[in-house]
Each structure stands twice: as structure tokens, then as C-alpha cells.
Amino acid sequence: MRPRFGAVLALMLLAGLAATGSARAQEATPPTCEVPGYLLSTEGTLPKVAEAVKNARPLTVLVVGSRSSTIAASEASAYPAKLQAALKEKLPSIPVNLSVELQNGKTAEEVDHSLVKLVEAKSPTLVIWQTGTVDAMRSVDPDDFRTAIDDGVAALQNAGVDVVLVNLQYSPRTETMISAPPYLDNMRVVAQQHGVPLFDRFAIMRHWNDAGDFDLFSTFHGTDMAKRVHACLGRALSKFVLDAARLDQAQQN
Amino acid sequence: MSSIADPVAGTPLSDAKASDAKAAAAAAPAIAFPMAGERELRLDLFRGMALWLIFIDHLPTNILTWFTIRNYGFSDATEIFIFISGYTAAFVYGRAMLEAGFVVATARIMRRVWQIYVAHVFLFTIFLAEISYVATRFENPLYSEEMGIMDFLKQPDVTIIQALLLRFRPVNMDVLPLYIVLMLFLPVILWLLKWRADIGLALSVLLYVLTWQFDWYLTAYPSGFWIFNPFAWQLLFVFGAWCALGGAARMSRILSSPVTMWICIVYLSFAFFVTLTWHIPQLSFLMPKRLEQWMYPITKTDLDVLRFAHFLALAALTVRFLPRDWSGLKSRWLRPLILCGQHSLEIFCLGVFLAFAGHFVLAEVGGGALMHALISLAGILIMWGVAWVISWYKHSADKGASKTKKPVINADLAGGSV
């Protein structure tokens, strides 16, 4: 009994080390910030976006988010701008307009009030709603948070726009201070209930960190890494939007 | 001291480590409730395991995370921990109440509460030191928003007082406050269970149901609520206490029935399949939409009934397949786990500290999968080493010095608390 248990334990540990070893080997290849397919697949759909593209109408995107939707002093390098550039490139035949409405320091519930007004002002085809970070930092009751995004998504859908939810950043340095899981879970639930695509920024960034594309633990000063991460996010998000609108096959040739 | 370290009899639980379960599968179900003789090593074993798992779960995801039970079902190490804590606390202080009366038992419990409180404040101090250091060094613009969480450092007058009131708790420091509150009410719980065990348990279930019905919770600072809702989690604690005070013995018929076993197996398989769809999203098309809508979210804060049931199923199977006299419990391979389980308060605090330290090393020295795995392994080795040192103190160093001193009862000794 005893030796066998020990052997099992040793084998488990060895297997673990072997797995990390092979993970290290992969890290040697230069970072490409590729996103595995399953992180970009969604059951949600974007009918309004699909319709606009098929009828060659302009695509108007509104990004509503908090401070993690921008990079201080270099907004043009943040993911919304990169998303616009990528969409323009992939949809050369139609104009792509994009505007960003930052709601710094506001919880989902506080953003709720301005959502419909923003939609009336900008009349977008698609609203990309990045949320959860402020709520997690203020540890808002997850039930209240769920109600807030539920109401917000419903209001947006009633206003006749497509919605994409974007969740929190993966932030290993603040993991001991900000508890992300309840907010990630609730966003997933709401997205599922409304059939809205959820761009899992958290999982994607964690994947990049694990795969060695970016060392998100690093105490890097300066905006260089932030710009590269946002460029990758913008590209992934454009692919995600087109996939969710089921436009990939039709438009990419 | 040996006079106190005596039998904690009863039902423990498990973690369904496949190897253990298989090894014990051949053994006959041993659900008896023997009273005399030796310490209940299964409790120590599974509490030690819970301590290791909690430590690993507090670190950033790494290869060892895949060995923790939360990836294979609804419940996780916290359930094991709180249940065993209720069990052992009731066992130790229940006897004190019987022998020395309500007042003395209450006084002893309050001393234990004070110890846990001091441990919590000590951990908070270490946490503050780490955070302050990180806050002044970390300026990645990618995370300028998230770093706003450090703003609490700007008003230590409020923050520290709220921390002393248990209302401000950094992430990963939620278990001790829950435990403090549960222990605070232990005298009442014990008194109720001694008076009419089933009424005590029924009241606990009622409180749980009312909590769900009326959404009761404790607020936290600066906003929000307690991550582990004591009104809900008391159910597990009281259930543990109820088992220790004879409930386990009365349930032995149910526990040994094959029907129970099959229900448990079916439910655990279902939970395993559901968790599989979280890890492999490609499988999620197999989940019926209506089931998802009914089931999610499975909240940990309010101890979702699915989690509770998952824990019960694990516990039932463990009691069935891991007899109390299983020879493996004496094996030196399981010694590290049992040692850790025997000094749970110290090792729990050490685990929280090591998780902070691990984060710190990852941040300052550098990440990488290998580093993550090394930190987890090193942490476990340190926990084992410290547990060994503590038990050396208790058995050797303190013996000569305090021969005349009366033994102090605390829950650790009997397979203790936290």
C-alpha cells in the first residue's frame, strides 16, 4: 500500500513537471498573441451588425467602458481604436465609425442610467459594453451587479442595438485585492440569458500570460506593453465581432 | 497533554482523491462510531488536505491547481474545512460543556475566538506591508484602473479600524472572520444541540432557508458584503457539530445503504460533467439551456444548495470507502497531511501568508509556469515543516518546561479548529 501510494504521488508530480516543461518549451517561440478558437467562439449573435454589413450600410460602434478601455495619453493605441482599424481592414466596402464613452469609476448600475441616452445620441449598430472592474473593486453585491447588467443589456436590446459584453482584465498583481470570479460568472450568466456574445477578456489575457506572450506580472513602467496588449485585444475583438455576426466566410475574401 | 488529544470520533469527509478512494474500495464500510482510544486521523487527514488545497487555490492558477477538487465538482476545500471545524469544535467544547458547565465552556470558546481574532489581525498586518510595498513600486499603465484598489492606503484611519471590526477584508482573508463569527455562536449552538439535537439542526436549516428567502447578509467595508455569508455557512458548521454529537452514529444506517451510495455517485458524476463544461467550453452545447438557467449561478457566498449537496455526497462516499482503521492512515506518506491537519489554525494562517508571499515572489522575481509550480510545492513543504516543528514543540520542547501546568484545552489538540 505505502510504496504504491508514494509512487502514485511521485508520478503525479512528475507528470506535472513534465507538463510545465513542455509549456516552457513553447514559450521559446516569439509571442504572437494568438487566441485559441474556443476563447473566441460564442453562441450569441449580432443580427444588426450582420444586416448592416450585408446591406452595405455604415457600421457604427459605441464602446462604453471604464479606464481599462483606454491607455492614458495614448488613446489611439487603446483597443477600441485598434478594433476600428481592424474592422475597417476586414470590411473595406463600408464605413466603420467608432466612438468611446468612458464612464470612469462608475459601477454597472451607475452606467445603466446613461446607456439609453448614449444610444439615442449616437445611434450605434453595436454597443460594446466593458464592465465589471469598478464593481469588483468596490465589491458590489454580485446579485446587484447581475441585476444591473441584466437591466442594461435589456435596455440596449430594446433600443434596437446589438450588444457585446467585455469582462474584466486579467490582473495578476491585484489578484490578492480584487476578487474577479463572482463578476466574471455573473457576466457569463447574463450574456447567456440574453444571447449576447461575451468577449472573455479575462481568459484571453490569462492565456497570453500563461503562454508567455506577455508577462502580465511584470513591473513594467511605461506604456509600451500596454500598447501591445491593447493591439492584440483590438484584433481579437474584431475577429470575435465578425465571428459572432457570422460574417467571417462571406466577407473575408 | 495526551489526555486531551483523544478521540475525535466520527465522520469525516473527503475530497475524493481517486487514489485514496480506490485503495480503500475493497475495505468494508466502517461507519461505526467508536468512542474510545485513539484520535480520529481521518479528520486530521482531510483537514490537512483542505489546508493544502486552500493554499493552492489562493495562488495564481498553475499546474497544481488542477489537483484541487474545485475543478471536479461544485464544492471545494472550504466546505471540508468548515465542516471539520464544526465537528471538532463541538467535540472538544461539547465535552467541556458536559463536564464543566456552560459558563466554563463558553469562557474557553471565547479564548479560542480571541486567538483566531489575533491571528487574523496579524495576517492583516502582513498583508498591509505587502500591499504598501507593491503599491509604491508598480506602475504598469495597463492596470492603472485596477491599481485604484490601493487607494485605501490613503486613508489608514478608516481602513485599519474597519479591518479590526472585520468589515474590511482583503481577498483570501475571508475564512477567519467567518470562523470567528461561527465560534462566537458556538456556545448557543452547543447548548441547543445538547438540549434537542434535531431541533438545533432544524433551526440551522431554517436560518439557511430564511437567508436565501430574504437575502440576509452582513455588509463589508467600503461596500459589498461578506464573501462567506455566515447566515448560510453556519449550516455546514452546525451540521458538523450535529454529526459530532451523535448525528453521525444515527445516520450510519442511511450512510451504509447502497441506495445512498448510488445517489452520491450519480450526483458526483453529474457535477463532474457540469464542471467539465466550464473547462472545455466546446462541450457546453450538451448542457440543456433550461438546466443552465435553473442552476446558475452556483454561489459560494451563500453556500448554494448544490454545493452543500456535493459536499454531502463526497463525505458520504468517503465515510463509506475510507474506514477509520484504514492502515494507510498510519502510513508515513500521509503523515505530512495529518500533521498539518493537527495544527490547523497555525497552518491555515501560514498558508494565507505563504500565498501572499508567493504572489510577491511571482511579482518581484518573475512568473512562468515552472516558477508557479515551484512556489506551490515549496509552500506545501514549508507548511509540512512548520507543522512538524509545532508538534515537536508540543511533544518535546514544552514538556519539560511545563510539567506542572494544567493542560490547556483548545480545539487544535483534538483535531481542532479552523
Side-chain angles (χ1 to χ4, degrees), chain A residues 1-2 4-6 8-9 12-13 16-17 19-21 23-24 27 38-39 41 43 66-68 71-72 105 133-134 137-143 146 169 171-179 182 185-186 189 192-193 206 209-210 212 215-223 225-226 229-230, chain B residues 19 23 60-64 66-67 127 130-131 134 137-150 170-172 215 217 220 222-225 227 280-282 284-285 292-293 296-297 299-301 327-328 331-334 355-356 359 362-364 366-370 372-373 377:
Chain A
M1 173 89 279
R2 283 175 208 178
R4 205 182 320 146
F5 183 79
V8 170
L9 196 72
M12 269 162 44
L13 292 176
L17 285 176
T20 44
R24 292 297 278 187
E27 278 170 38
Y38 72 90
L39 286 176
S41 73
E43 285 172 30
S66 59
R67 228 158 67 206
S68 64
I71 304 174
T133 310
V134 178
M137 285 168 61
R138 292 209 213 152
S139 44
V140 168
D141 185 336
D143 288 341
R146 188 172 73 240
Q169 295 198 99
S171 171
R173 292 285 290 224
T174 52
E175 233 176 11
T176 46
M177 286 157 274
I178 302 174
S179 168
D185 290 347
N186 279 304
V189 169
Q192 214 157 39
Q193 282 171 351
R206 190 165 69 188
N209 185 63
D210 293 349
D215 179 8
L216 298 178
F217 269 100
S218 80
T219 47
F220 198 84
H221 293 228
T223 54
M225 188 177 81
V229 171
H230 273 253
Chain B
S19 52
T61 316
N62 68 76
I63 187 86
L64 286 183
W66 291 104
F67 293 116
F127 173 82
E130 187 215 347
I131 297 310
V134 171
R137 302 241 324 195
F138 187 56
E139 281 174 45
N140 192 332
L142 184 63
Y143 293 119
S144 60
E145 175 162 29
E146 283 82 355
M147 294 314 277
I149 194 76
M150 309 287 191
V171 175
N172 292 352
D215 196 19
Y217 59 89
S223 59
F225 53 93
I227 300 288
I280 310 172
Q282 292 94 319
S284 58
F285 73 92
E292 279 184 343
Q293 291 189 350
Y296 295 140
T299 145
K300 185 171 183 182
T301 294
S327 62
S331 134
R332 64 199 163 94
W333 293 103
L334 293 181
F356 289 153
H359 272 279
L362 286 174
E364 299 304 321
L370 192 64
H372 281 217
L377 273 179

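Throughout, protein chains are lettered first and strands after them, A, B, ... in sequence-line order, and every chain is numbered starting at 1.
With sequence neighbours left out, the side chain to side chain contact (heavy atoms under 4.5 Å, CB included) criterion links A/Ser179 to A/Pro181, A/Pro182, B/Val171. Checked against salt bridge (charged side-chain N to carboxylate O under 4.0 Å, His left out), A/Asp185 has the following partners two or more places apart in sequence or in another chain: A/Arg188.
The shortest side-chain heavy-atom distance between A/Asp141 and B/Thr301 does not fall under the 4.5 Å cut-off. Between B/Leu142 and A/His230 there is a side-chain heavy-atom pair separated by less than 4.5 Å.
Proximity to chain B (any heavy atom under 4.5 Å) is shown, for A/Gln192, by both the backbone and the side chain. Only the side chain of A/Thr174 comes within contact range of chain B, judged by heavy atoms closer than 4.5 Å.
Distance check, rounded to the nearest 0.5 Å: CE of B/Met147 to CZ of A/Arg67 gives 11.0 Å.
Using a distance-only test at 3.5 Å, with no hydrogens or angles considered, no donor-acceptor pair links the side chain of A/Gln169 to the main chain of B/Glu145.
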